[in-house]
Structure formats: structure tokens, C-alpha cells
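The figures that follow rest on heavy atoms only: side chains count, while hydrogens, waters and symmetry mates do not. Because the structure is predicted, anything quoted here is derived from the model rather than measured.
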Amino acid sequence: MGMCFPCPGESAPPSPDLEEKRAKLAEAAERRQKEAASRGILDVRSVEEKRKKKEKIEKQIATSGPPPEGGLRWTVS
């Protein structure tokens, strides 16, 4: 009782095509990565914008080279 076998005249349900199965697994993996990356973050878009802005500033600093001789001067009063 409780176990159900297919009727002798019926065949087993068709299994999905290998390409379809791979595509579904890839989609699920991408979805899990996105969910894991945004876990605990309320506004994902603002975090991405801040990250891009920070990378842009770092790139500008790296391409501008070292500051000219003299640079900033500090005074203590």
C-alpha cells in the first residue's frame, strides 16, 4: 500500500532532453549566485552604483600616476 507503479500498458514519463536539463541547471545556478550576492542587502542597485563609482575613482587615481613633487602641504596651528 502506498507504492504506485505505472500500469503495464503505459510507458514511463518522458525524461527531459539533456540540453533542456543543462539550461535549467545553469539558470538555477545563476539565480542562486545572484541571491547569495544580494543576501542581506536591501537596495542592490545602490550598492552596485557605489561599487562602480569606487572602481571608477580608483581607476582615475591609477591612471593619473603619482602626485607632482610637493603635493599636499599640511599645517598644524
Side-chain angles (χ1 to χ4, degrees):
M1 190 165 153
M3 294 188 58
C4 182
F5 294 104
C7 296
E10 295 179 18
S11 62
S15 61
D17 184 23
L18 288 178
E19 290 299 319
E20 290 178 27
K21 189 174 182 180
R22 286 185 187 137
K24 287 182 180 181
L25 288 173
E27 289 176 12
E30 289 175 6
R31 188 171 45 247
R32 283 193 303 272
Q33 285 179 342
K34 286 181 182 179
E35 289 173 358
S38 63
R39 184 170 289 137
I41 300 173
L42 297 177
D43 191 4
V44 178
R45 186 179 299 142
S46 68
V47 172
E48 287 293 323
E49 289 174 2
K50 288 177 185 178
R51 183 180 303 146
K52 287 180 183 178
K53 185 176 180 181
K54 183 178 179 182
E55 289 174 0
K56 183 180 176 184
I57 291 171
E58 289 175 354
K59 185 177 178 182
Q60 286 178 348
I61 291 171
T63 57
S64 67
E69 195 63 35
L72 297 175
R73 296 183 183 201
W74 294 84
T75 58
V76 178
S77 53

> What pairs with Ala26 under side chain to side chain contact (heavy atoms under 4.5 Å, CB included), at least two apart in sequence or on another chain?
Replying inline: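 Counting only residues at least two positions away or on another chain, Ala26 forms no side chain to side chain contact (heavy atoms under 4.5 Å, CB included).
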>> What's the separation between atom CD in Glu49 and atom CG in Asp43, rounded to the nearest 0.5 Å?
In response: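 Rounded to the nearest 0.5 Å, the CD-CG separation comes out at 8.0 Å.
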> To the nearest 0.5 Å, how far apart are NZ in Lys52 and CD in Glu55?
Replying inline: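 The NZ atom of Lys52 sits 9.0 Å away from the CD atom of Glu55.
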> With Glu19, which residues qualify under salt bridge (Lys or Arg N to Asp or Glu O under 4.0 Å), at least two apart?
Replying inline: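 Scan of Glu19 (salt bridge (Lys or Arg N to Asp or Glu O under 4.0 Å), adjacent residues dropped) gives Arg22.
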> Would Glu48 and Arg51 count as a salt bridge (charged side-chain N to carboxylate O under 4.0 Å, His left out) if you check the C-alpha gap in whole Å, the side-chain angles of each, and the deciding distance to 0.1 Å?
Replying inline: CA-CA 5 Å; Glu48 287 293 323; Arg51 183 180 303 146; 2.9 Å; yes
